[in-house]
**Student:** 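Got a structure here, written out as structure tokens. Questions coming.
Just so it is clear, the model here is predicted, and its values are computed rather than measured. For this chain, numbers begin at 1 and follow the sequence in order. Just the heavy atoms: all of them, side chains too, but no hydrogens, waters or symmetry mates, feed the values below.
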Amino acid sequence: MGKDTIADIITSIRNADMENKGTVRIASTNIAENIVKILLREGFIENVRKHQESHKYFLVLTLRHRRTRNRKGIYRTILKRISRPGLRIYSNYQRIPKILGGMGIVILSTSRGIMTDREARLERIGGEILCYIW
């Protein structure tokens with residue numbers, strides 16, 4: 001049984017968001033760095049910095065919290081893991097789902113690297129659907 005690093009990243013961000021934590025620390029891997037770059041570019045997190053502690057590298061993410069107009073609640077960032085080690089989900093570029101009519105994003109692992117659904121449609125390539133974010 002192997003570790004699912006993508007699920008660990010998503011769960012860490014989701015738990016920190018639910019607890020209104022300002023920062024979260026995740027292990028630094030190539031996949032984690034690519035997913036975090038997409039989250040930073042799409043505006044789901046504010047800042048990222050790489051931190052070294054006893055010969056291990058970590059990514060420290062600063063989360064973005066958005067308040068509602070009446071300030072009673074906070075919008076939550078919803079992250080949902082789709083493809084997992086026990087059941088891989090693949091899609092061609094024509095059948096990549098649109099989340100909330102294009103408001104959310106789908107992160108895919110393609111032959112040209114990890115990218116969003118918009119980028120994959122522009123390049124006309126499909127791949128493994130990693131997660132949904134909205």
Side-chain angles (χ1 to χ4, degrees):
M1 214 168 148
K3 288 178 63 175
D4 188 5
T5 57
I6 299 169
D8 292 342
I9 294 165
I10 290 171
T11 303
S12 297
I13 294 171
R14 185 185 315 120
N15 289 343
D17 189 44
M18 285 176 22
E19 291 294 321
N20 294 327
K21 302 247 183 203
T23 60
V24 63
R25 189 176 86 162
I26 60 174
S28 178
T29 62
N30 288 337
I31 294 173
E33 288 180 10
N34 290 331
I35 291 174
V36 166
K37 283 178 189 175
I38 290 173
L39 292 175
L40 183 65
R41 188 174 61 227
E42 296 290 329
F44 289 102
I45 57 176
E46 285 185 14
N47 192 11
V48 179
R49 68 177 194 270
K50 201 167 191 176
H51 179 69
Q52 182 181 4
E53 190 173 294
S54 67
H55 303 294
K56 293 184 181 180
Y57 287 96
F58 296 97
L59 295 174
V60 180
L61 313 176
T62 305
L63 301 178
R64 176 169 297 191
H65 295 290
R66 300 171 299 231
R67 297 212 173 263
T68 59
R69 291 182 191 168
N70 56 9
R71 295 185 184 180
K72 286 186 179 177
I74 295 176
Y75 290 121
R76 297 285 177 212
T77 301
I78 309 295
L79 296 108
K80 186 174 180 184
R81 177 81 158 117
I82 302 302
S83 184
R84 50 191 172 90
L87 179 64
R88 302 288 185 183
I89 307 294
Y90 296 95
S91 176
N92 62 9
Y93 77 94
Q94 296 162 334
R95 294 183 186 232
I96 297 172
K98 288 189 177 182
I99 306 301
L100 293 177
M103 298 289 289
I105 63 170
V106 178
I107 296 180
L108 294 107
S109 176
T110 66
S111 59
R112 296 187 190 155
I114 295 177
M115 62 180 64
T116 64
D117 55 337
R118 288 181 221 110
E119 295 167 346
R121 282 190 200 97
L122 286 175
E123 294 191 23
R124 300 175 70 99
I125 56 173
E128 181 183 355
I129 298 175
L130 299 178
C131 60
Y132 296 158
I133 302 170
W134 70 90

**Student:** Please find the pair of heavy atoms, one from Ala32 and one from Ile9, that lie closest to each other, and give the distance.
**Tutor:**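 For Ala32 and Ile9, the tightest heavy-atom pair comes out as CB-CD1, 3.4 Å.
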**Student:** Just one of Ile99, Thr116, Ile82 clears the side-chain contact (heavy atoms from CB on, under 4.5 Å) bar with Val106, so which one?
**Tutor:**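 Of Ile99, Thr116, Ile82, side-chain contact (heavy atoms from CB on, under 4.5 Å) with Val106 is met by Ile99 alone.
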**Student:** With rounding to the nearest 0.5 angstrom, report the CD1 to CG distance, Ile107 to Leu39.
**Tutor:**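 Rounded to the nearest 0.5 Å, the CD1-CG separation comes out at 5.0 Å.
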**Student:** Search all heavy atoms of Arg121 against all heavy atoms of Tyr93 and return the closest pair with its distance.
**Tutor:**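 Here Arg121 and Tyr93 meet closest at CG-O, 3.8 Å.
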**Student:** Side chains of Thr11 and Arg14: does their closest heavy-atom pair fall under 4.5 Å?
**Tutor:**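 Sidechains of Arg14 and Thr11: in contact.
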**Student:** Should Ile114 and Ile125 be counted in the same cluster of Ile, Leu, Val, Met, Phe, Trp and Tyr side chains packed under 4.5 Å apart?
**Tutor:**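 In one cluster with Ile114: Ile125, no.
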**Student:** Is there a chain of hydrophobic side chains (I, L, V, M, F, W, Y, each step under 4.5 Å between heavy atoms) that links Ile26 to Phe58?
**Tutor:**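 Hydrophobic grouping puts Ile26 apart from Phe58.
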**Student:** I need the Asn15 CG to Ile10 CD1 distance, nearest 0.5 Å.
**Tutor:**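 So the gap between those two atoms works out to 11.5 Å.
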**Student:** Please give me the minimum heavy-atom distance between Ala16 and Val24, naming the atom from each residue.
**Tutor:**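 Scanning both residues completely, I find the closest heavy atoms to be CB-CB, 3.9 Å.
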**Student:** Are the side chains of Arg118 and Ile105 in contact, using a 4.5 Å heavy-atom criterion?
**Tutor:**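 Touching, per the 4.5 Å side-chain cut-off.
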**Student:** Under a single-linkage definition using a 4.5 Å side-chain heavy-atom cutoff for Ile, Leu, Val, Met, Phe, Trp and Tyr, are Val60 and Tyr57 assigned to the same hydrophobic cluster?
**Tutor:**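 Per the 4.5 Å side-chain linkage, Val60 and Tyr57 are not co-clustered.
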**Student:** Using a cut-off of 6.0 Å, state whether more than 12 heavy atoms not belonging to Glu19 lie near its atom CD.
**Tutor:**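 No, CD of Glu19 has 12 or fewer neighbouring heavy atoms, counting only those of other groups under 6.0 Å.
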**Student:** Please round to the nearest 0.5 Å and tell me the distance separating atom CD1 of Ile45 and atom CG of Leu61.
**Tutor:**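 Atom-to-atom, Ile45:CD1 and Leu61:CG are 4.5 Å apart.
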**Student:** Which atom names give the shortest non-hydrogen contact between Arg88 and Ser83, and what distance separates them?
**Tutor:**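 Nearest pair, atom of Arg88 first, then Ser83: CA-OG, 3.2 Å.
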**Student:** Is the shortest side-chain heavy-atom distance between Ile13 and Thr77 below 4.5 Å?
**Tutor:**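 Answer no - side chains too far apart.
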**Student:** Measure the shortest side-chain to side-chain distance between Thr110 and Glu123 over non-hydrogen atoms and say whether it is less than 4.5 angstrom.
**Tutor:**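 A side-chain contact is absent here, since even the closest heavy-atom pair is not under 4.5 Å.
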**Student:** Would you give the length of the straight line joining atom NE2 of His51 to atom OG1 of Thr23, rounded to the nearest 0.5 angstrom?
**Tutor:**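 That separation rounds to 11.0 Å.
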**Student:** A side-chain contact here means heavy atoms from C-beta on lying under 4.5 Å apart; do Pro97 and Ile129 qualify?
**Tutor:**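 The answer is yes, as the side chains (C-beta and beyond) meet within the 4.5 Å cut-off.
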**Student:** Linking I/L/V/M/F/W/Y whenever their side-chain heavy atoms sit closer than 4.5 Å, directly or via other members, would Leu108 and Leu100 fall into one cluster?
**Tutor:**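 Cluster IDs for Leu108 and Leu100 match.
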**Student:** Are there more than 12 heavy atoms of other residues, nucleotides or ligands under 6.0 Å from atom CD1 of Ile31?
**Tutor:**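 Atom CD1 in Ile31 is not packed in, count stays at 12 or less.
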**Student:** Would Met115 and Leu79 show up in the same hydrophobic cluster when neighbours are defined by side-chain heavy atoms closer than 4.5 Å?
**Tutor:**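 Each belongs to a different hydrophobic cluster.
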**Student:** Are Leu130 and Arg81 close enough that some pair of their side-chain heavy atoms sits under 4.5 Å apart?
**Tutor:**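 In contact.
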**Student:** I'd like to know whether Leu59 forms a side chain to side chain contact (heavy atoms under 4.5 Å, CB included) with Lys50, so could you lay out the CA-CA distance, the side-chain angles of the two residues, the decisive distance to 0.1 Å, and finally the verdict.
**Tutor:** CA-CA 5 Å; Leu59 295 174; Lys50 201 167 191 176; 4.2 Å; yes
**Student:** Hey, what do you get for OG (Ser12) to CZ (Arg25), rounding to the nearest 0.5 Å?
**Tutor:**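 Atom-to-atom, Ser12:OG and Arg25:CZ are 10.5 Å apart.
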**Student:** Rounded to the nearest 0.5 Å, what separates atom CD1 in Ile35 from atom CG in Asn30?
**Tutor:**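 So the gap between those two atoms works out to 11.0 Å.
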**Student:** With no hydrogens and no angle check, is any side-chain donor or acceptor of Arg84 less than 3.5 Å from a backbone partner on Ala7?
**Tutor:**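 Side chain of Arg84 to backbone of Ala7, a donor-acceptor pair under 3.5 Å: no, none is there.
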